[in-house]
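A short write-up of the structure that comes next.
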Amino acid sequence: MKTILVTGSSKGIGYAMVKSLAAQGHQTILTGRTAEQVVTAQRELSQEGIKTDIYVLDILNEAQIKSAVEYVDKHYGKLDVLINNAGIFPNAGNSEFANLDVIRETIETNTLAPYRMIQAFLPLLKKSHDARIVNVSSKMASLSSMNGGAPGYRLSKTALNAVTKIFAHDLAPYGISVNSICPGFVKTQMGGPTATREPEEGADTACWLATCEKSPTGKFFHDRKEIAW
Ligand SMILES: NC(=O)c1ccc[n+]([C@@H]2O[C@H](COP(=O)([O-])OP(=O)(O)OC[C@H]3O[C@@H](n4cnc5c(N)ncnc54)[C@H](OP(=O)(O)O)[C@@H]3O)[C@@H](O)[C@H]2O)c1
């Protein structure tokens, strides 16, 4: 049984990750920035016979991150898997006239907050014998197929992929794996109703990386297959 924390998991793909991992018997910590949503999500899972711990965590709030680390340390003494799932997709406008403040906010949430989460939880990840970090990115981040549109989102997720590569290298001596995944186009608040996949399908690759026997590191995956950066 692994102890697994998923950010932004009171709804969407993160919720599907917690549901799947907790149903497999792992100790999950469902987190989100709204207490009411976090408690509601825990109750919904409980009604299906699935147990999860919860913690209110806004990944932009340094004090809450520090408290979350203390909470996990006190209750579990280590963290086996950190899934940086929380993300935003605000409309910054097209690249020519894009609002740089919106781009900056997007990078704060999608890139720097996962970076801070990794730094903060590192002491607890180092206490695990098989620690893993999964960063939820997007194919829209791939430089090999980079296109126009959504400049803030693309920049933030390409930079998140760089975070993956940097930490995969620097944490290799500790045996900590770090990978990025793309969930595909998923029916959530972000993906909208026209998206093609269910949250469970979007959650699958991160759940696989969290629990597979021997994790790869420094790679980018979609549907359990490696894809180009
Ligand atoms: N849906 C897609 O088609 C798609 C495609 C590629 C990649 N992704 C990625 O998949 C991940 C999950 O997205 P989703 O589709 O499940 O979207 P979603 O339904 O909008 O869920 C996003 C989650 O992130 C949380 N969040 C945002 N800012 C946060 C913060 N500062 N602190 C804590 N939580 C925060 C949201 O919390 P609130 O409930 O408080 O807003 C929400 O729980 C994201 O990283 C997204 O970029 C999604």
Side-chain angles (χ1 to χ4, degrees), residues 5-20 28-42 44-45 52 54-68 82-92 102-117 120-121 133-142 145 147 149-161 163-164 179-207 209 220-223 227:
L5 185 146
V6 186
T7 64
S9 48
S10 58
K11 69 179 188 207
I13 299 167
Y15 178 82
M17 288 174 191
V18 167
K19 186 173 177 178
S20 165
T28 51
I29 306 161
L30 181 155
T31 69
R33 56 185 162 177
T34 311
E36 200 186 328
Q37 275 188 34
V38 166
V39 170
T40 303
Q42 183 189 39
E44 277 171 18
L45 289 175
T52 184
I54 49 172
Y55 201 85
V56 176
L57 175 60
D58 180 337
I59 59 167
L60 293 177
N61 185 324
E62 280 187 63
Q64 281 184 11
I65 293 179
K66 190 165 175 281
S67 306
L82 168 64
I83 303 184
N84 279 316
N85 165 75
I88 56 171
F89 193 160
N91 184 2
V102 175
I103 292 183
R104 194 174 293 114
E105 276 168 30
T106 313
I107 290 172
E108 276 290 340
T109 298
N110 291 358
T111 316
L112 297 180
Y115 197 118
R116 187 173 291 124
M117 284 290 294
F121 277 95
I133 297 165
V134 181
N135 292 324
V136 179
S137 181
S138 164
K139 280 185 181 171
M140 289 176 78
S142 290
S145 57
N147 245 316
Y153 188 74
R154 287 185 192 277
L155 278 172
S156 70
K157 294 290 190 181
T158 303
L160 178 64
N161 282 350
V163 170
T164 295
N179 293 288
S180 281
I181 68 110
C182 170
F185 187 28
V186 183
K187 284 186 200 114
T188 61
Q189 188 169 316
M190 186 183 291
T194 60
T196 51
R197 320 187 90 199
E198 297 302 323
E200 295 69 33
E201 294 172 275
D204 174 72
T205 300
C207 294
L209 280 170
F220 190 13
F221 291 96
H222 173 63
D223 284 348
I227 57 173

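Counting convention: from 1, in listed order, for ligands and their atoms alike. Positions are given from 1 along the sequence.
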Is it the side chain, the backbone, both or neither of Arg197 that has a heavy atom closer than 4.0 Å to ligand 1?
neither
Just by distance, do the side chain of [X] and the backbone of [Y] share a donor-acceptor pair under 3.5 Å?
X	Y	result
Gln42	Thr52	yes
Ser20	Ala16	no
Thr34	Gln37	no

With a cutoff of 4.0 Å, is [X] in contact with ligand 1, counting heavy atoms of the residue only?
X	result
Pro199	no
Pro183	yes
Lys157	yes
Tyr153	yes
Phe185	yes

Between Arg197 and Asp223, is the closest basic N to carboxylate O distance under 4.0 Å?
yes
Considering [options] one by one, which has a heavy atom nearer to [atom] than any of the others?
atom	options	result
atom 22 (C) of ligand 1	Gly87, Pro114, Gly12	Gly87
atom 32 (N) of ligand 1	Leu30, Leu60, Ile59	Ile59
atom 48 (C) of ligand 1	Leu57, Ile83, Ile13	Ile13
atom 5 (C) of ligand 1	Gly191, Gly184, Ala206	Gly184
atom 44 (C) of ligand 1	Val6, Asn85, Val136	Asn85
atom 18 (P) of ligand 1	Lys139, Lys11, Arg33, Glu108	Lys11

Step by step, would you call Thr111 with Ser156 a side-chain hydrogen bond (donor to acceptor under 3.5 Å, both in side chains)?
CA-CA 6 Å; Thr111 316; Ser156 70; 4.7 Å; no
Residue [X] vicinity, atoms of ligand 1 by number, heavy atom under 4.0 Å:
X	value
Ile88	27 (C), 28 (N)
Gln37	39 (O)
Gln189	19 (O), 20 (O)
Ser137	6 (C), 7 (C)

Atom of [X], atom of [Y] and distance for their closest heavy-atom approach:
X	Y	value
Val136	Asn85	CG2-CA, 3.6 Å
Ile181	Gly202	CD1-O, 4.4 Å
Gly32	Val38	N-CG2, 3.4 Å
Gly87	Met190	O-CE, 3.5 Å

Hey, what do you get for OH (Tyr55) to CG (Leu5), rounding to the nearest 0.5 Å?
10.5 Å
Residue, atom name and distance, where the atom is the protein heavy atom closest to [atom]:
atom	result
atom 35 (C) of ligand 1	Ala86 CB, 3.5 Å
atom 14 (P) of ligand 1	Thr188 OG1, 3.5 Å
atom 31 (N) of ligand 1	Asp58 OD1, 2.9 Å
atom 17 (O) of ligand 1	Met190 CB, 3.4 Å
atom 43 (O) of ligand 1	Gly8 O, 3.2 Å
atom 3 (O) of ligand 1	Val186 N, 2.8 Å

Do Tyr15 and Glu44 pass the side-chain hydrogen bond (donor to acceptor under 3.5 Å, both in side chains) test, and can you show the C-alpha distance, the side-chain angles, and the key distance before you say yes or no?
CA-CA 11 Å; Tyr15 178 82; Glu44 277 171 18; 3.2 Å; yes
Counting only heavy atoms not in Glu62 (residues, nucleotides, ligands), do more than 12 fall under 6.0 Å from its CD?
no
Stepwise, does the side-chain hydrogen bond (donor to acceptor under 3.5 Å, both in side chains) test hold for Ser137 with Asn161?
CA-CA 7 Å; Ser137 181; Asn161 282 350; 3.0 Å; yes
